[in-house]
Amino acid sequence: MPAPLTLPVEISFRVTLDLETATFYDLQREVRREARQALLRALRTSLGEVEKALLAAPILCPGCQAPMRSRGRTMRRIVTVFGSLAVRRARYGCAPCGTVRRPLDEWIGLAEGTEYTAAVREQVLYLSADLPYERAADVLRHVAGIGISGRQIQRLLEAESEHIQAAIGQVHPDGEAPLRRRFRRAGRDGATAGAARVLQLRKLKTSGLWEQYWARRFRQEGAVPAEAAGRSQRSR
Ligand SMILES: [Zn+2]
């Protein structure tokens, strides 16, 4: 078991204010904007340190068990609770079998093609349990600075719903007036499936299992088996 990693994180920034014209509101807005940028920089730096630690030991091919060769870095964008972050992560290849691994991706655990980290998905879906997708997107943009569309939220819920169902079971949508309003304009089948997913989400939120559910999801996100990760990345 390796020793815990200590990551020194410096958060520091400047704001410039003209006291003749600027208000306390302006100060809060400036501090928030600069703080978010500083948090993103801190996250990028910390991820760099995590990757360094991951690459300290030889990276082995899950199939051949042989050390893999470094094959440069490629860029990927992920959406964190502090905003969107470009991650340039190291890529390793196995010459005999062609398997590719990206150790930082495996640690982060986000499937290729998924941009939104579990921390963001939790916040997005928490709001979506009570608000229509477009309204939830608007609140997230306005309050949390998370840029996401209603359609993207809908897709996130679709992807999450099998996990939610596994956790709390099937929910039967009988007589939910607010939901009928919410899904009024959707097509008949879409409305049924969409409403069922939202009901599931609500049940999860009101069941008292929300924290427990997401605590497990955060761990699962970081637990992609090396073999599965190797397989999924081989085709590219
Ligand atoms: Zn191999």
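- Under the 4.5 Å side-chain criterion, counting only non-hydrogen atoms from C-beta, V50 is in contact with L7.
- For the residue pair A35 and F13, the shortest heavy atom distance occurs at CA-CE2, 3.6 Å.
- No donor-acceptor pair closer than 3.5 Å links the side chain of T114 to the backbone N or O of L110.
- In terms of heavy atoms, L40 sits closest to G83 at CD2-O, 3.8 Å.
- For K205 (side chain) and A129 (main-chain N/O), no donor-acceptor pair under 3.5 Å exists by modelled atom type.
- M75 and L85 fall into different hydrophobic clusters, where Ile, Leu, Val, Met, Phe, Trp and Tyr are joined by side-chain heavy atoms under 4.5 Å apart, directly or via other members.
- Remark: R89 pairs with D105, E112 by the salt bridge (charged side-chain N to carboxylate O under 4.0 Å, His left out) rule, at least two apart or across chains.
- At least one side-chain heavy atom of V9 sits under 4.5 Å from a side-chain heavy atom of S46.
- Residue S128 comes nearest to A136 through the heavy atom pair OG-CB, 3.8 Å, listed as atom of the first residue, atom of the second, then distance.
- R141 approaches G147 most closely through the heavy-atom pair CG-CA, 4.3 Å.
- The backbone N or O of P62 lies less than 3.5 Å from a partner atom in the side chain of Q65, making a donor-acceptor pair.
- The side-chain heavy atoms of L140 and I153, taken from C-beta on, include a pair separated by under 4.5 Å.
- Two different hydrophobic clusters hold M68 and L54 under the rule that ILVMFWY side chains link at heavy-atom gaps under 4.5 Å.
- Residues satisfying the side-chain hydrogen bond (donor to acceptor under 3.5 Å, both in side chains) criterion with T206, sequence neighbours excluded, are absent altogether.
- The hydrophobic cluster containing L60 does not contain V100, counting ILVMFWY residues as joined when their side-chain heavy atoms lie under 4.5 angstrom apart, directly or transitively.
- Note that CD of E49 is 11.0 Å distant from OG1 of T6, once rounded to the nearest 0.5 Å.
- Between the side chain of S70 and the main chain of Y92, no donor-acceptor pair closer than 3.5 Å is present.
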TODO: Decide side chain to side chain contact (heavy atoms under 4.5 Å, CB included) for L201 and Y126; before the verdict, give the C-alpha distance in whole Å, the side-chain angles of both, and the deciding distance to 0.1 Å.
DONE: CA-CA 8 Å; L201 188 62; Y126 189 86; over 6 Å; no
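- Residues F24 and R29 are not in side-chain contact: their nearest non-hydrogen atoms beyond the backbone lie 4.5 Å or more apart.
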**Asked** Between L209 and I168, is a side chain to side chain contact (heavy atoms under 4.5 Å, CB included) present by the stated rule, with each step listed?
**Response** CA-CA 9 Å; L209 294 173; I168 62 166; 4.1 Å; yes
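- No side-chain heavy atom of K203 sits less than 4.5 Å from a side-chain heavy atom of L199.
- Considering CZ of R76 and CZ of R88, their distance stands at 15.0 Å, rounded to 0.5 Å.
- With hydrogens and angles disregarded, a donor-acceptor distance shorter than 3.5 Å links the side chain of R121 to the backbone of Y116.
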Original post:
Does the pair L47 and I108 meet the rule for a side chain to side chain contact (heavy atoms under 4.5 Å, CB included), with working shown?
Top reply: CA-CA 9 Å; L47 267 183; I108 293 175; 4.1 Å; yes
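- The line from CG of L204 to CD of Q165 is 12.0 Å long, rounded to the nearest 0.5 Å.
- Cluster annotation: I11 is connected to L27 through the hydrophobic network of ILVMFWY side chains, with a link wherever side-chain heavy atoms come within less than 4.5 Å.
- Between R216 and A167, the closest heavy-atom pair is NH2-CB, 3.7 Å.
- Counting only distance, with no hydrogens or angles, the side chain of E106 and the backbone of R101 share no donor-acceptor pair below 3.5 Å.
- Once rounded to the nearest 0.5 Å, the distance linking CD1 of I59 with SG of C94 reads 12.5 Å.
- Between the side chains of S84 and R77, at least one donor N or O sits under 3.5 Å from an acceptor N or O.
- Interatomic distance, OG of S207 versus CD1 of I164, reported as 10.0 Å (0.5 Å rounding).
- The backbone N or O of F82 sits less than 3.5 Å from a side-chain atom of R36, completing a donor-acceptor pair.
- Considering V15, L39, T16 as possible partners of E34, the one that fulfils the side chain to side chain contact (heavy atoms under 4.5 Å, CB included) test is V15.
- Using a 4.5 Å cut-off on side-chain heavy atoms (C-beta onward), R217 and H163 make contact.
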Exercise. Let me see the working for L104 and L55 under side chain to side chain contact (heavy atoms under 4.5 Å, CB included), right down to the final yes or no.
Key: CA-CA 9 Å; L104 187 61; L55 303 184; over 6 Å; no
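- Once rounded to the nearest 0.5 Å, the distance linking CG of D138 with OG of S149 reads 12.0 Å.
- Residue R41 comes nearest to S12 through the heavy atom pair NH2-O, 3.7 Å, listed as atom of the first residue, atom of the second, then distance.
- Between the side chains of E51 and W107, no donor-acceptor pair of N or O atoms lies under 3.5 Å.
- With contacts defined as side-chain heavy-atom distances shorter than 4.5 Å, the pair L127/Y133 does not qualify.
- One finds no salt bridge joining R155 and E158 here, because no Lys/Arg side-chain nitrogen approaches an Asp/Glu carboxylate oxygen to under 4.0 Å.
- Counting heavy atoms from C-beta outward, I146 and Q123 have side chains that approach closer than 4.5 Å.
- Two different hydrophobic clusters hold Y25 and L19 under the rule that ILVMFWY side chains link at heavy-atom gaps under 4.5 Å.
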